[in-house]
Amino acid sequence: MPAFEDDDRPKKKIAHEIGQDLTLLSVGELNERIALLREEVVRLEADIAKKQSTRSAADQFFRK
């Protein structure tokens, strides 16, 4: 059975654990983590805005 080349293997999904040891990560890997976390912040903020909008609509409906 032929050995797999690194390029042929499925890439591991980047995951970041808050507080994990960063000493073994390269600058590139750290930049990837920062991008991942920024995307997550945007996603969380969008969900907050959606929930606040839903709450506001419900408050206005029940005020009548």
Subject >> Intermediate values then yes/no, side chain to side chain contact (heavy atoms under 4.5 Å, CB included), Val41 and Glu45 >> reply: CA-CA 6 Å; Val41 167; Glu45 290 173 339; 3.7 Å; yes

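- Counting only heavy atoms from C-beta outward, the side chains of Glu40 and Leu44 approach each other to under 4.5 Å.
- When only modelled atom types and interatomic distance are considered, Gln60 and Arg55 share no side-chain donor-acceptor pair under 3.5 Å.
- Side-chain contact between Gln20 and Arg33: present, with at least one pair of heavy atoms (C-beta onward) separated by less than 4.5 Å.
- A donor-acceptor contact shorter than 3.5 Å links the side chain of Glu29 to the backbone of Ser26.
- Asp47 has a carboxylate O that lies under 4.0 Å from a charged side-chain N of Lys51, or vice versa, which qualifies the two as a salt bridge.
- Rounded to the nearest 0.5 angstrom, Ile34 CD1 and His16 NE2 are separated by 9.5 Å.
- For the pair Ser56 (side chain) and Gln52 (backbone), a donor-acceptor distance under 3.5 Å is absent.
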